[in-house]
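Working notes for the structure below.
Proteins get letters first, then strands, A, B, ... in listed order; numbering begins at 1 in each.
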Amino acid sequence: MTSLARFSRDFSSRHGTGAASFVVAAVLFWIVFLILLPQLAMLDVSFRHNLPRPEVGGPRDVHTLDNYRYFLFGNSGGAALNALDIGVLTKTLVAAVLVTVLDILLCYPIAFILAHSASGAGARLMVIGLIVPFWINDILRAFAFRILFGATGVINGVGLSLGLWDQPIDFIRADVALYAGLAYTYVLLMVFSIYNAVETLDRNQIEAARDMGASWWRVHWRIVLPVAKPGIASGATMVFMLTAGALAAPQILGGPSNLWFTQLIYQWFNDAGDWARGSAYATILLVVCLAFVFLMMRIFRVSIGAIGR
Amino acid sequence: MNRGVGGGLFAFSYTLLFFLFLFGPLIIMVITAFNSSAFPRVVPWECFTTDWFGLLIRNERLMTGLWTSLAIGIAVVAIAVPFGLAGALALADIGPRLRAGLYAVLITPILIPGVVLGISTIVFWSFVGRKLGAGYDTVFYNGLFLTLLGQVAFIASYAMLILSARLQRFDPTLTEAALDLGATPGQAFRKILLPFLKPALGSAAFITFLASFENYNTTVFTILSGNTFTTALASKVRHGTDPSLSALAVIIIAVTLIGAMVQEAHHRRRDLLRGGRPERSRLYANPLTRLLTHPAAILLILVGCTGAIIWQASHHDAQACRADILSEKQRVQERLLQEQQQRMQQRQTQTPAAPTAPSNNPSPFGGAFNPGSLAPK
Amino acid sequence: MTKDVVLDHVSIRFGGYTAVENAHLTIRGGEFFSFLGPSGCGKTTLLRCISGFVQPSAGRVLIGGEDMRNVGPNKRPTALIFQNLALFPLLTVAENIAFPLEVRRVGRKQRRKRADELLEMIALPGTGDKKVHELSGGQKQRVAIARALAAEPDILLLDEPLSALDLKLRQHMRTELRAIQQRVGLTFIYITHDQGEALTMSDQVAVMNAGVIEQIDNPETIYNRPRTPFVASFVGESNAIHGVVLSQTGRLATLDTPLGPLTGQAAGGRTYLPKERCTLFVRPEQLFIADTPPEVNTIKAKRVNEEFEGSIRTLYLQAGGEALRLYHMNAAVSAALASGDGAVTVSFKPEQATILPDDPALSG
Ligand SMILES: Nc1ncnc2c1ncn2[C@@H]1O[C@H](COP(=O)(O)OP(=O)(O)OP(=O)(O)O)[C@@H](O)[C@H]1O
Ligand SMILES: [Mg+2]
């Protein structure tokens, strides 16, 4: 609090009392009322029973671990693991990692080309070409992939007419459409994250390395990748979190039997009207994802300051 | 760079494939918008039609959602940009030890899954409402209000990132110079810092509006029983689909392309003028081409062309073609029916003939792709 | 109406680091006062303290007799010209100059008129509508001065304003600055690490070292009568010869040095104790080649090298294990120089050399 007081005093002598009180008030409101308290409220509700409204605050409204117990053991009462829900969470995480890796592989070359090979009009055209597809709503993008991958979609049409396969392949049930759609959705984010980092690389370094006879993959591995690392980390973190937390794409592109974890949350919260259990599942998603991201940051030695740059 | 590090043929073909991946789905979607087939597809091509656009505009749920989205978007811009500005200013002036912590706090809303933000927003404000003894008709149970708060929580972080990037290039001695010359701190803020941030404020407003308009994950919770454009769109896609969505994509893509071209013209012109010798350029020397390359002129031309195409297309009548297709279909269907009946008679099964229409695609999509559910909702 | 600036035992600390230590001085109204010192010695910090961006950790700043403790930078009668000029890039030249008037809500017409007058004064008429980035370095410099003058300060503070300019322009701007100061009659407080600037322009010079003000005097005294070893070696070139005191008669003291006994003036009328360790400073231009054996201060030296620099010739000498430098007016090449084995006899006048104690605490 003393540092807050010092900050506002210094700040107001620089930018004026009006600006200072605005900054302090806005940042405090944002952090406290929009970030902190809602998360705490959700955490609190996740430890409660799902009660009809008149009973809320009554004697039966006590804290409980029921919702988390349900996630772990289902209705079995501790006898067996809730394989279904745990499986969905695992699948979501694995798929999110998969999509993230796919995006890194897909975007690294483009980011490098954009930063170091393209120039002038070509580069500008590339940037426009990257941005235009992302003006279109997530929902419509998912819709496009449904058209593409549907049983009578273009890919099946082409495949069948070329005789590559003779039965329509159900890409949607196989989740191919979902992964492709998710990877597609976050391409822009990844390209620009990596681009921002790679762009700072001095071209002479690459040329010097080439002159010393390094092969192209060695140049990338030893010189470009280290520079790109914070960008990749930043992009990967955001793509992973967005993918793991995606709702629209799985709803539209997911097969009928394959659920995304967010869909479970949605079902508990909106379809079943069980706010407590929905909150518990949301908390689980948040904690597991953040833990995973921080673990990865530890392993790859990047700091949170790199994110969003 | 053409020595194998990232130039040459590989780079070219990779770039080509990459952009094919980006644009392929969109191009196909655009084509389906003009095919009269009730299921969005390219083949088999039935008739050229613009009816899907009409269907789109007559969809009331989408259109009311559109107005809701616009209102929310404007409100989000009005709150998220100042919040982002406050965050960026605080980050710039806070001591180095607190800075890392504050940055981590202000950046987390971007990392928190939207679903979680949506849920936590409703849970918290309904808790506040309950504590205050407010009824269901109060602001705490109002979808618009909740959506606004839920969206601002993370969209303000986007604004903060954009403004921070610009603020880092601000020379703080400029503020000191203004103070030294007699400006009050408030005057220095308004006359020196804010004008410097103006371009970034513009892009922040733009991005925040877009983010608000497109948001689904948070909004689908916070809007409660209401609808924004995006949630209406999503429920339409989830419960059955027709090419009017493709028509929507066509409209968005057209607007985007026009915007991109005008923007590009604006950039070129600015570079030309800044280069200091506009009269050297051939385009600028000729008064006609100079006028034609002005961004406003380009905008006018593009809008004009689009208008002409729309007018032309709206007079196109696909009725005849469609009738042909319909009768063709009916013929095929009758033939199939007859064949089936014949087969059944031949087989002499005990079960009575099921009145099922022959389905040519076994649908795994929970009925979403059944012709019956294609009617606009 | 002139205002004195008084620094009353001012110290400035950043955390544990002391940037300025006990600065105590008075700058008279209308003076051209320079702070001279090496990079990082706290000059900018001191200036920022006078203009109000830094609060003294101890002591007070008084301007015109008024304590400035709770007076913000925008309320002080000072105008600071920043090390990087800090011209507003989004405003035109005229808007920059008129900014102090704008914040005082002077009308648009009047602002423009005043800006044009000032542009006239700095010899840049007609550039009012240009953007700042369209000006050359020297022009920006002058615009910054005009902008500061538009604020009608009593005291103009300049933080190394010429350091970014090339040599020719720097010399030109020196005279120009001095001329402007005399025309407008303001107090100029000028910061530089360039002794040439400080010596040519100033009425008074304060020499700073590591946060401490070592000497305040007029340029000639600073140059000829340095009070501390730092001033002697930082201002101008000096040969430093270490030794111990043999005797002192009046103001002249004699040291026993590896080069033999040498006599010089005891700095600041000090009286040295016999055997006290001291250093004798003599400037290269005050050493001369003795064609006939001198009465005092005979140094037998060996020529090691020489450099021709146009008007002067620098001789690098070796004597008693010490390296010496001698500036020789080029016109006459003496017989001693021509001799083959390189042996020369050099000397200096006792009153032109300064003897300073190595440990000032000992003698008084
Ligand atoms: N805000 C600050 N916080 C901590 N230390 C500072 C601060 N400002 C200056 N210093 C330190 O005080 C010392 C003096 O800095 P100052 O800027 O006054 O030097 P200067 O004499 O102007 O040097 P130069 O000639 O290079 O401009 C430096 O060591 C610097 O690191
Ligand atoms: Mg300095």
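Around the CZ atom of B:Arg97, the shell of radius 6.0 Å holds no more than 12 heavy atoms that belong to other residues, nucleotides or ligands. By the 6.0 Å contact criterion, CD on C:Glu66 is open, its count of non-hydrogen atoms from other residues, nucleotides or ligands being 12 or less. The number of heavy atoms from other shown groups lying within 6.0 Å of CZ (C:Arg13) is above 12.
Residues B:Pro195 and C:Leu91 fail the side-chain proximity criterion, which asks for heavy atoms closer than 4.5 Å. Side-chain contact between B:Lys191 and C:Phe99 is present, with heavy atoms from C-beta onward closer than 4.5 Å.
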| task | Check step by step if side-chain contact (heavy atoms from CB on, under 4.5 Å) holds for B:Gln187 and C:Arg105. | result | CA-CA 11 Å; B:Gln187 278 174 323; C:Arg105 306 190 197 291; 3.9 Å; yes
| Is there a side-chain contact (heavy atoms from CB on, under 4.5 Å) between C:Asn74 and B:Thr184 once you walk through the steps? | CA-CA 6 Å; C:Asn74 52 338; B:Thr184 62; 4.3 Å; yes
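Note that the CG atom of B:Asp171 and the CG atom of C:Leu87 stand 10.5 Å from one another [nearest 0.5 Å].
In this structure, chain B has heavy atoms under 4.5 Å from both the backbone and the side chain of C:Leu80. The parts of B:Ala178 that come within reach of chain C are both its backbone and its side chain, each placing non-hydrogen atoms under 4.5 angstrom from that chain. With a 4.5 angstrom heavy-atom cutoff, B:Thr175 does not touch chain C via any of its atoms. At a 4.5 Å heavy-atom cutoff, the contact between B:Glu176 and chain C is made by backbone and side-chain atoms alike.
When B:Leu179, B:Thr173, B:Leu174, B:Asp180 are compared by the number of non-hydrogen pairs under 4.5 Å with chain C, B:Asp180 comes out ahead. When each of C:Glu152, C:Arg48, C:Lys75 is checked for heavy-atom pairs under 4.5 Å with chain B, C:Arg48 comes out on top. If you tally non-hydrogen atom pairs under 4.5 Å between each of C:Asn84, C:Leu157, C:Leu85 and chain B, the highest count goes to C:Asn84. Contacts with chain B were tallied for C:Ala148, C:Ala79, C:Gly72, C:Ala150; C:Ala79 has the most, counting heavy-atom pairs under 4.5 Å.
Counting all heavy atoms, side chain and backbone alike, C:Ala151 lies closest to B:Leu181 at CB-CD2, 4.1 Å.
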